Amino acid sequence: MDCQTQLLIDGRFIPAQDGATFATLNPHDGSTLAEVAEAKAADVDLAVEAAGRAFPAWSRLAAAERGRLLLKLADAIEGELDALARLESLDTGHPIKDSRGLDAPRTAATFRYFGGMADKLQGSVVPVEAGFLNYVLREPVGVVGQIVPWNFPLMFTSWKMGPALAAGNTIVLKPAELTPLSTLRIGELILAVGFPPGVVNIVPGYGAQAGQHLAEHLGVHKIAFTGSTATGRRIVAASAGNLKRVQLELGGKGANIVFADADLKAAINGSAFAIFHNQGQACIAGSRLLLHEPIADEFLDGFLRLARSIRLGDPLDPATEMGPLTSAGHRDRVAAYCAIARAEGGEILAGGAAPADPALEAGYYMQPTVVRAAPRDRVCQEEVFGPFVSVTIFRDEAEALAIANGTQYGLGGGLWTADLSRAHRFAKAMQAGMVWVNSYKRVNPGSPFGGMRASGYGREMGFEAMHDYTEAKSIWVNVDARVEPWYAR
Ligand code: NAD
């Protein structure tokens with residue numbers, strides 16, 4: 001595989017100190033794509049030291065200059081969208097239609113957005129009592145540890161790096177062990193466009209070693225984590241040593257609600273995208289479909305027909321609509337939920353197994369699966385993270401809202417309705433960080449992204465992200481040269 005496979009530390013790609021490597025596989029056929037250097041604690045230490053050395057100069061650099069480098073990076077990514085998309089599809093199993101149409105351009109767009117943002121983030125002047133000037137600076141947090149999952153590695157690299165770099169932080173990023181390649185390519189481009197050594201360090205490795213060490217590291221001032229809720233809890237515990245700031249983008253169990261007055265054609269298409277895009281491996285996936293009783297049969301008829309017609313195949317084939325899941329272990333975990341659904345009395349309405357096509361036998365494929373289930377069932381409460389959607393029928397708006405808000409999560413959700421008042425009323429009442437109306441899963445670098453409750457805290461994107469990557473420093477100046485009266489002598 002013609003791509004970078006070593007650790008990026010202090011401006012150079014180097015092997016792990018103990019020479020360790022791990023294989024990253026092609027989920028389409030299980031073949032080894034590359035052996036990648038495996039960072040352990042000692043390598044993470046080197047990376048954190050490099051980021052610490054780079055921080056003073058990087059944070060003092062004119063904001064516009066940091067922005068200029070981010071814009072150059074966006075240009076470099078745009079110059080090789082095809083190659084990046086191909087690498088992403090090979091490593092993750094994303095259909096090339098998605099990685100070329102969404103992931104790669106969105107990655108460039110995110111770096112571009114934060115390149116433009118670098119010199120737009122402003123502090124403020126607070127109208128305090130006479131005789132004093134009080135102003136607030138937004139200062140970078142310092143060395144930031146970033147840990148990303150395997151479901152959108154390319155895009156998440158930009159979501160994490162963009163705001164952190166724009167704000168003047170330096171970075172040690174650990175990609176997921178299943179999908180390190182596109183992040184390493186971004187690392188190569190970062191060096192090519194001229195970022196100073198140590199500003200960005202990339203340390204592929206396993207969560208329990210490299211990830212845990214990064215989260216515990218006393219030289220790291222903030223940890224930004226995207227991944228499962230279970231690991232999120234470990235990150236919080238690991239952060240306690242130096243009370244580093246923590247930002248958590250965790251799991252979800254998105255409710256996608258279709259009311260009787262909705263445009264059913266749009267709702268069917270949108271609901272299929274909500275769950276089956278990226279094989280359902282999305283934290284914001286609309287994995288719980290709630291159908292209003294009067295249209296439930298008609299909706300299901302169209303939805304099941306669509307689900308059964310989705311073209312599974314080689315991710316590199318432009319006609320493929322769904323690729324394999326990213327690992328064999330994860331495919332088995334998703335498949336196990338079909339058995340759980342049956343045991344709970346659920347009914348599998350579509351899918352429920354690997355596809356019969358012999359050409360896909362060696363890959364980690366799973367049919368689009370639709371299961372009728374009750375709101376308290378495990379399949380309606382636990383994040384499956386695959387092409388697996390539960391269907392529940394509701395009678396009225398109040399019941400729909402109770403079901404929608406009835407999980408531990410609070411990340412994304414959507415509703416389909418022609419009733420304007422209901423759209424706003426319901427969106428406001430949903431306990432979720434993001435709500436889509438007559439749409440699903442739209443993201444934009446300017447729009448805050450994140451969750452509440454077991455879906456985590458903090459926000460990526462937009463000004464919210466810049467705030468999460470900066471500290472507010474309040475400075476008081478006595479402009480009247482007045483003497484404090486309390487101890488006047
Ligand atoms: P995961 O929690 O197993 O792993 C995520 C990352 O954390 C990986 O890089 C992994 O190596 C690392 N890690 C694992 N154990 C660690 C530890 N003890 N200390 C430090 N790092 C550790 O999650 P996953 O299976 O890779 O990803 C799927 C999960 O991510 C799902 O729950 C999904 O909802 C969530 N996710 C959330 C968002 C969001 O923005 N809210 C986005 C995408 C994915």
Side-chain angles (χ1 to χ4, degrees), residues 5-9 14-25 27 32-51 91-92 143-153 156-157 160 171-184 187 201-251 281 283 325-334 336 364 382-383 385 454-456:
T5 56
Q6 295 192 313
L7 315 176
L8 173 56
I9 296 179
I14 56 173
Q17 288 178 70
D18 65 359
T21 61
F22 63 95
T24 184
L25 308 182
T32 297
L33 283 171
E35 285 290 331
V36 176
E38 182 198 336
K40 303 231 179 74
D43 306 291
V44 171
D45 287 344
L46 280 187
V48 172
E49 283 159 23
D91 209 12
T92 64
V143 174
V144 172
Q146 303 184 320
I147 300 177
V148 292
W150 45 261
N151 58 329
F152 290 102
F156 287 161
T157 296
K160 290 265 180 283
I171 292 176
V172 178
L173 184 143
K174 192 198 84 62
E177 51 273 39
L178 291 172
T179 57
L181 297 182
S182 56
T183 305
L184 289 170
N201 305 274
I202 301 175
V203 286
Y206 289 99
Q209 286 96 43
Q212 181 78 24
H213 192 63
L214 186 60
E216 288 170 355
H217 208 292
L218 301 183
V220 172
H221 308 109
K222 164 175 171 163
I223 195 97
F225 172 75
T226 299
S228 63
T229 297
T231 308
R233 292 196 177 94
R234 280 187 213 111
I235 298 281
V236 172
S239 71
N242 64 343
L243 294 173
K244 57 175 68 65
R245 288 173 69 139
V246 178
Q247 181 181 355
L248 298 174
E249 302 288 352
L250 308 178
Q281 301 168 130
C283 51
L325 300 190
T326 297
S327 72
H330 185 56
R331 189 264 323 272
D332 295 346
R333 184 181 169 276
V334 173
Y364 315 140
E382 297 173 15
E383 187 183 42
F385 215 61
S455 294

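Positions are given from 1 along the sequence. Please read these numbers as outputs of a predicted model, since none were measured by experiment.
For E383, there are no salt bridge (Lys or Arg N to Asp or Glu O under 4.0 Å) partners two or more places apart in sequence or in a different chain. Residues passing the salt bridge (Lys or Arg N to Asp or Glu O under 4.0 Å) test with D332: none are found, sequence neighbours excluded. Applying the side-chain hydrogen bond (donor to acceptor under 3.5 Å, both in side chains) criterion to R245, with sequence neighbours excluded, gives E471. For K222, the salt bridge (Lys or Arg N to Asp or Glu O under 4.0 Å) criterion is met by no residue, not counting sequence neighbours. Judged as a side-chain hydrogen bond (donor to acceptor under 3.5 Å, both in side chains), and not counting sequence neighbours, the contacts of E35 are T21.
Atom CG of L248 and atom OG1 of T226 lie 8.5 Å apart (nearest 0.5 Å). Between K40 atom NZ and L7 atom CG the span is 10.5 Å, to the nearest 0.5 Å. Between atom OG of residue S327 and atom CZ of residue R333 there is a gap of 10.0 Å, rounded to the nearest 0.5 Å. Note: S239 OG to F225 CZ = 12.5 Å, rounded to the nearest 0.5 Å. The CG atom of L214 sits 5.0 Å away from the CD1 atom of I147 when rounded to the nearest 0.5 Å. Taking CG from L178 and CG from L325, the interatomic distance works out to 11.5 Å, rounded to the nearest 0.5 Å.
The two residues A37 and A16 make their nearest non-hydrogen contact at CB-N, 4.0 Å. Closest heavy-atom contact between G241 and L218: C-CD2, 4.0 Å. Nearest heavy-atom pair, G145 versus V220, reported as atom, atom and distance to 0.1 Å: N-CG1, 3.4 Å. Taking every heavy atom of both residues into account, A238 and Q212 meet most closely at CB-NE2, 3.8 Å. When all heavy atoms of Q281 and H330 are compared, the pair lying nearest together is OE1-CD2, 3.5 Å. Looking at every heavy atom in both residues, G251 comes nearest to T229 through N-OG1, 3.4 Å.
Proximity of the aromatic rings of W150 and F156 is defined here by a centroid distance below 6.0 angstrom, and this criterion is not met.
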Checking Q17 against L46 for the side-chain contact (heavy atoms from CB on, under 4.5 Å) test, could you report, in this order, the C-alpha distance in whole Å, the side-chain angles of both residues, the deciding distance, and whether it holds?
CA-CA 10 Å; Q17 288 178 70; L46 280 187; 3.3 Å; yes
Run the side-chain contact (heavy atoms from CB on, under 4.5 Å) test on V144 and H221 for me, step by step, so that the C-alpha distance in whole Å, both residues' side-chain angles and the decisive distance to 0.1 Å come before the verdict.
CA-CA 6 Å; V144 172; H221 308 109; over 6 Å; no
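None of T157, T183, T24 except one satisfies the side chain to side chain contact (heavy atoms under 4.5 Å, CB included) rule with P175; the exception is T183.
Without hydrogens or angle criteria, Q146 side chain to V172 main chain gives no donor-acceptor distance under 3.5 Å.
Judged by distance alone, the side chains of D91 and S182 never bring a donor and an acceptor atom under 3.5 Å apart. No donor-acceptor contact under 3.5 angstrom links the side chains of T179 and T92, judged on distance only. Checking H217 against N242 by side-chain atom types alone, no donor-acceptor pair falls below 3.5 Å.
Using a 4.5 Å cut-off on side-chain heavy atoms (C-beta onward), E177 and F22 make contact. You'll find the side chain of K160 reaches within 4.5 Å of the side chain of V148, heavy atoms only.
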Donor-acceptor contacts, no H, no angles, side chain residues 201-209, under 3.5 Å, sequence neighbours left out:
{"residue": "N201", "atom": "OD1", "partner": "D10", "partner atom": "N", "Å": "2.9"}
{"residue": "N201", "atom": "ND2", "partner": "I171", "partner atom": "O", "Å": "3.0"}
{"residue": "N201", "atom": "ND2", "partner": "G198", "partner atom": "O", "Å": "2.9"}

